[in-house]
Amino acid sequence: MNIMILGSGGREHALAWKITQSDKTTNLYIAPGNGGTSELGKNVPIDINNFNEVGQHCIAKAIDLLIIGPEEPLVKGIKDHFGSSQDLQHILIIGPDAMAAQLEGSKSFSKKFMAKYNIPTAAYQSFSISELQAAHQFLETLNPPYVLKADGLAAGKGVLILDDITEAHHELEKMLNGKFGEASKEVVIEEYLDGIEFSVFVLTDGKDYKILPVAKDYKRIGEGDTGLNTGGMGAVSPVSFVDDTLMQKVEEKILKPTIRGIRAEGMDYRGFIFFGLTNVKGEPFVIEYNVRMGDPETEVVMPRIGSDLVELLQATAKGNLSEQNLWEKKDFAATVMVVSEGYPGKYEKGKEITGLQNVEESTVFHAGTKREGDKLLTNGGRVIAFTGMGNSKEDALEKSYAAIKKICYEGICFRKDIGFDL
Ligand code: AMP
Ligand code: GLY
């Protein structure tokens with residue numbers, strides 16, 4: 001098969017890494033890719049939100065399977081674009097249609113969906129600017145901290161959690177007046193859930209599903225999970241507190257009703273679902289749906305999948321996933337992300353990275369890098385994820401950290417406490 005992956009992060013590098021291990025893969029393209037993916041396939045420098053351009057490249061390269069890494073093209077309807085074109089509709093696609101992608105693209109859509117299918121999530125109401133008075137009143141009925149969410153995609157910045165009610169009223173007004181542009185024209189106000197977060201992923205063909213290894217990411221920039229939110233500073237899989245009892249509840253109360261809802265709504269969902277969950281005293285609740293894999297979770301999930309991923313993806317897109325088995329390895333995986341100084345605020349790019357050739361103990365997944373001549377340069381906030389595997393979480397983490405010791409670039413930063421139990 002000729003396969004193309006859209007995206008340029010560590011997630012896409014990890015997907016590419018797993019895909020090249022399959023006998024079914026003939027040629028692999030990554031658009032636009034990064035300094036790591038170019039070692040596994042061919043990088044294609046295109047704008048992945050320009051569907052005509054993506055389509056032309058798929059035809060030119062006789063692509064059989066297209067995997068969409070990030071959410072934006074999905075929410076903008078890439079699946080629908082391919083489906084409605086005579087030249088493109090034969091291409092198998094991993095990712096939902098635009099309607100289903102609203103599960104991530106609109107918080108109020110996903111909250112309505114969860115309410116309709118009785119899926120446990122925080123109590124909420126959503127408001128537009130014409131309902132400002134009612135929004136302020138609803139806020140008064142809640143206890144702190146107050147959770148305000150821009151309805152639409154806001155590059156991971158659209159959620160505010162505030163302790164002070166006066167500040168919450170003020171921010172609510174700013175959001176409804178366009179603090180996050182179109183994304184916050186509607187705002188979801190919800191109850192705060194005091195729990196420990198974890199990430200569950202499934203592959204679904206819209207009828208059946210396969211559960212992927214469970215992971216936990218470490219989102220904050222600072223040790224002890226403090227400071228600003230980032231795209232993710234590290235992850236582990238499996239997760240110590242996610243035992244069979246909790247997973248059974250996740251499956252019965254969340255996964256099954258979600259798939260039932262997708263079917264009942266007539267959504268075309270053939271791809272990954274990422275359930276952002278929180279464990280409140282042994283009960284799982286949905287914090288959010290994402291219609292893609294997580295990053296950096298993918299960097300620990302892929303190495304723990306024993307089965308052929310291309311076979312699974314092919315079955316997903318064709319709608320015969322029930323015939324497949326997903327085998328999860330026993331090994332523990334941990335990934336630690338090295339980032340640029342200043343991230344998640346302002347940071348510089350273009351720093352030369354050295355020492356990677358000496359890394360043996362971990363798998364290296366590039367996130368924000370690029371090649372220039374024979375040099376490898378930093379090209380983003382999150383730079384490289386180092387994934388160690390071992391018989392225990394500690395063993396896996398030791399390998400990740402040993403690898404980091406061998407590399408160098410100006411301003412290298414990373415968390416030293418990935419994997420700690422909260
Ligand atoms: P979201 O974009 O919905 O995942 O929100 C971003 C982050 O805010 C989540 O990963 C949680 O850490 C936090 N968060 C969102 N909603 C809630 C909630 N209802 N209760 C507690 N924390 C939340
Ligand atoms: N790791 C969280 C995300 O990918 O959104």
Side-chain angles (χ1 to χ4, degrees), residues 7-12 14-15 68-72 74-75 103-111 114 119-126 139 142-163 168 175 180 183-184 187-201 212 214-221 225-237 239 272-281 283-302 335 337 339 344 365 367 381-382 385 418 422:
S8 61
R11 166 181 54 209
E12 286 74 22
L15 287 166
I68 290 98
E71 62 280 10
E72 199 180 342
L74 292 165
V75 173
L103 288 171
E104 175 165 2
S106 164
K107 304 267 187 212
S108 95
F109 178 93
S110 73
K111 295 297 277 191
M114 286 186 262
I119 296 163
T121 186
Y124 84 106
Q125 281 193 31
S126 79
L139 202 49
L142 300 175
N143 295 317
Y146 305 96
V147 183
L148 307 177
K149 298 184 170 185
D151 176 61
L153 294 183
K157 297 190 168 63
V159 176
L160 299 182
I161 299 180
L162 304 160
D163 289 319
M175 284 173 88
F180 298 107
S184 65
V187 172
V188 166
I189 305 177
E190 67 181 36
E191 164 202 29
Y192 181 82
L193 294 174
D194 193 6
I196 308 179
E197 288 177 56
F198 59 110
S199 308
V200 171
F201 303 93
L212 275 58
V214 177
K216 168 159 188 62
D217 81 339
Y218 291 79
K219 287 203 172 87
R220 306 294 190 100
I221 188 70
D225 240 19
T226 54
L228 291 173
N229 246 332
T230 71
M233 298 295 289
V236 295
S237 176
V239 183
F272 296 103
I273 314 178
F274 166 174
F275 298 82
L277 305 180
T278 194
N279 174 19
V280 183
K281 300 190 183 94
E283 289 301 319
F285 287 80
V286 178
I287 294 273
E288 64 167 350
Y289 287 117
N290 296 298
V291 295
R292 52 171 173 86
M293 283 299 291
D295 195 350
E297 289 97 326
T298 309
E299 290 93 305
V300 289
V301 170
M302 288 302 138
T335 200
M337 189 70 81
V339 304
F365 295 122
R382 292 192 294 169
I418 298 304
L422 294 156

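Order of appearance sets the numbers: ligands from 1, and atoms from 1 within every ligand. The basis for the numbers below is simple: all heavy atoms, side chains too, and nothing from hydrogens, waters or symmetry mates.
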Does [X] use its side chain to pair, donor to acceptor, with the backbone of [Y] at less than 3.5 Å?
X: Asp295; Y: Arg11; value: yes
X: Glu283; Y: Lys281; value: no
X: Thr230; Y: Lys219; value: yes

Margin query: As a quick check of understanding, evaluate side chain to side chain contact (heavy atoms under 4.5 Å, CB included) for Phe198 and Asn279, giving each step before the final call.
Written below: CA-CA 8 Å; Phe198 59 110; Asn279 174 19; 3.9 Å; yes
Next item on the list: Given side chain to side chain donor-acceptor pair (under 3.5 Å), test Thr121 with Lys111 step by step and report yes or no.
Entry: CA-CA 8 Å; Thr121 186; Lys111 295 297 277 191; 2.9 Å; yes
Checklist line | Nearest protein heavy atom with distance in Å, relative to atom 11 (C) of ligand 1 | finding: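 Answer for atom 11 (C) of ligand 1: Glu197 OE2, 3.1 Å.
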Next item on the list: Considering only non-hydrogen protein atoms, determine which one is nearest to atom 5 (O) of ligand 1 and report residue, atom name and distance to 0.1 Å.
Entry: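 Checked against all protein heavy atoms, atom 5 (O) of ligand 1 sits closest to Val159 CG2, 3.4 Å.
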Check: Under a 4.5 Å cut-off applied to non-hydrogen side-chain atoms, are Glu288 and Glu104 in contact?
Finding: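 Glu288 vs Glu104: side chains apart.
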Check: Can you check whether a protein heavy atom sits less than 4.0 angstrom from atom 7 (C) of ligand 1?
Finding: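 Protein heavy atoms within 4.0 Å of atom 7 (C) of ligand 1 - there are none.
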Next item on the list: Could you give me the CA-CA distance, side-chain angles and deciding distance for Leu153 and Val75, then say whether side chain to side chain contact (heavy atoms under 4.5 Å, CB included) is met?
Entry: CA-CA 9 Å; Leu153 294 183; Val75 173; 4.0 Å; yes
Checklist line | Numbered atoms and elements of ligand 2 in range of Asp217, under 4.0 angstrom, heavy atoms | finding: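 Answer for ligand 2: 1 (N), 2 (C).
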Check: Of all the atoms in ligand 2, which lie at a distance below 4.0 Å from a heavy atom belonging to Gly294?
Finding: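 Within the 4.0 Å cut-off of Gly294, ligand 2 contributes 4 (O).
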Heavy-atom contacts with [X] under 4.0 Å: which atoms of ligand 1 show up? List them by number with element.
X: Glu190; answer: 16 (N), 17 (C), 18 (C), 19 (N)
X: Lys107; answer: 1 (P), 2 (O), 3 (O)
X: Leu193; answer: 18 (C), 19 (N), 20 (N), 21 (C)
X: Lys149; answer: 3 (O), 15 (C), 16 (N)
X: Glu191; answer: 18 (C), 19 (N)
X: Ile161; answer: 8 (O), 13 (C), 14 (N), 22 (N), 23 (C)

Note to self: For a side chain to side chain contact (heavy atoms under 4.5 Å, CB included) check, start with the C-alpha distance between Asn229 and Ile221, then their side-chain angles and the critical distance, and finish with the verdict.
What the structure shows: CA-CA 6 Å; Asn229 246 332; Ile221 188 70; over 6 Å; no
Checklist line | Arg292 to ligand 2, any heavy atom closer than 4.0 Å | finding: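 Yes, that is the case, since the closest heavy atom of the residue is under 4.0 Å from the ligand.
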Notebook entry, point to check: Does Asp295 reach ligand 2 with a nitrogen or oxygen that is under 3.5 Å from one of the ligand's nitrogen or oxygen atoms?
Noted result: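 So ligand 2 has an N or O lying under 3.5 Å from an N or O of Asp295.
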Notebook entry, point to check: Where does the angle between the aromatic ring planes of Phe201 and Phe274 fall among parallel (under 30°), tilted (30 to 60°) and perpendicular (over 60°)?
Noted result: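 The arrangement is tilted - the two ring planes meet at 30° to 60°.
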Next item on the list: Please say whether the positively charged group of Lys107, taken as NZ for Lys or CZ for Arg, lies over the ring of Phe109, i.e. under 6.0 angstrom from the six-membered ring centre and within 45 degrees of the axis.
Entry: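 Lys107 over Phe109 ring: no.
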Next item on the list: Tell me which part of Glu297 gets within contact of ligand 2: side chain, backbone, both or neither, using heavy atoms under 4.0 Å.
Entry: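 The side chain, only.
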Next item on the list: Between Lys219, Lys157, Glu104, Glu288, flag the one that comes closest to atom 1 (P) of ligand 1 by a heavy atom.
Entry: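 Looking at heavy atoms only, Glu288 sits closest to atom 1 (P) of ligand 1.
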Check: Is the shortest distance from a heavy atom of Asp194 to ligand 1 less than 4.0 Å?
Finding: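 Asp194 does not count as a contact of ligand 1 under the 4.0 Å cut-off.
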